[in-house]
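What follows is a set of notes on a single structure, which appears directly below.
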Amino acid sequence: QVQLVESGGGAVQAGGSLRLSCAASGRSFVSYSMGWYRQAPGKEREYVAAISWSGGSRDYAASVKGRFTISRDNAKKAVYLQMNELKPEDTAVYYCNADTTYTDIVLGKGGHYWGQGTQVTVSS
């Protein structure tokens, strides 16, 4: 019932910023909590951030706290990830996730729906 398409990735210098977008379609979008995950070459997929259906609850992986901000606009059916103070270790493919259970996303167990991913490359 939900389709997700990420955009906004690119190549930046360390210390720079990027804003990722996830465009959603589907009647039940508002019912879903949303999350961002990332996967770097040779590494497992890693949880990055989560936001509840209302936007009232947010959570971040320790590695990105204070630098990344997740938000959503239910009227536009969109989820965003503002990434500041980027580091080379942030280089990865970033994926948007929709799940009915917020805590599952936070625990790294997000499921249900995924986007195709967008590449983020940070150079030193």
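No experiment lies behind these values; they were computed from the predicted model shown. Numbers here simply count residues along the sequence, with the first being 1.
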For Glu89, does the CD atom have more than 12 heavy-atom neighbours from other residues, nucleotides or ligands under 6.0 Å away? yes
Donor-acceptor under 3.5 Å (Thr91 side chain, Val122 main chain): yes
Shared ILVMFWY cluster between Val93 and Val79, side chains joined below 4.5 angstrom? no
Please report the interatomic distance CD(Gln13) to OG(Ser124), rounded to the nearest 0.5 Å. 7.5 Å
Does the Lys NZ or Arg CZ of Arg72 fall within the cation-pi geometry relative to Tyr80 - under 6.0 Å from the ring centre and within 45° of the axis? no
Output for pair (Cys22 SG, Tyr94 OH), nearest 0.5 Å, gives 15.0 Å
OG/Ser57 to OH/Tyr102 distance, rounded to the nearest 0.5 angstrom? 5.0 Å
Counting only heavy atoms not in Trp114, do more than 12 sit closer than 6.0 Å to its CH2 atom? yes
Any side-chain donor near an acceptor of the partner, Asp99 and Ser33, under 3.5 Å: no
Assess whether side-chain contact (heavy atoms from CB on, under 4.5 Å) is satisfied between Cys96 and Met34, documenting all intermediate values. CA-CA 7 Å; Cys96 181; Met34 304 294 298; 3.6 Å; yes
Hydrophobic cluster membership, Ile51 vs Leu4, 4.5 Å side-chain cutoff: yes
Can you confirm whether Leu20 sits close enough to Gln82 that some side-chain heavy atom of one is under 4.5 Å from a side-chain heavy atom of the other? no
So CG of Leu81 and CZ of Arg19: to nearest 0.5 Å the spacing works out to 10.0 Å
Is the backbone N or O of Ser63 less than 3.5 Å from a side-chain atom of Tyr60, with the two atoms forming a donor-acceptor pair by type? no
Considering only heavy atoms from C-beta outward, does the side chain of Asp90 approach that of Phe68 to under 4.5 Å? yes
Shortest non-hydrogen contact from Trp36 toward Ile70: CD1-CD1, 3.6 Å
Close side-chain approach of Val106 and Tyr47, heavy atoms under 4.5 Å: yes
So do the side chains of Met83 and Ser17 get within less than 4.5 Å of each other, counting heavy atoms only? no
What heavy-atom pair brings Gly9 and Thr118 nearest, and what distance separates the two atoms? N-OG1, 3.2 Å
Closest heavy-atom pair and its distance - Arg45, Tyr37: CG-CB, 3.9 Å
Do Trp53 and Tyr32 share a hydrophobic cluster (ILVMFWY, side-chain heavy atoms under 4.5 Å, transitive)? yes
Backbone N or O of Lys77 within a donor-acceptor pair of the Asn74 side chain at under 3.5 Å? no
Determine the minimum heavy-atom distance between Gln119 and Thr121, stating which atoms define it. NE2-OG1, 3.4 Å
Joint hydrophobic cluster, Val64 plus Leu18, side-chain heavy atoms closer than 4.5 Å: yes
Note: Ser52 and Gly56 closest approach over all heavy atoms is OG-N, 3.4 Å
Between the CG atom in Asn84 and the OG1 atom in Thr69, the distance rounded to the nearest 0.5 Å is 6.5 Å
Starting at CZ of Arg38, measure out to OH of Tyr95 and round the result to the nearest 0.5 Å. 13.0 Å
Any donor and acceptor pair, going by atom type alone, linking the side chain of Gln39 with main-chain N or O of Glu44 inside 3.5 Å? no
How close do His112 and Thr100 get, heavy atom to heavy atom, and via which atoms? NE2-OG1, 3.5 Å
Are the side chain of Asp104 and the backbone of Thr101 linked by a donor-acceptor contact shorter than 3.5 Å? no
State plainly whether the residues Arg67 and Glu85 are in salt-bridge range, i.e. N to O under 4.0 Å. no
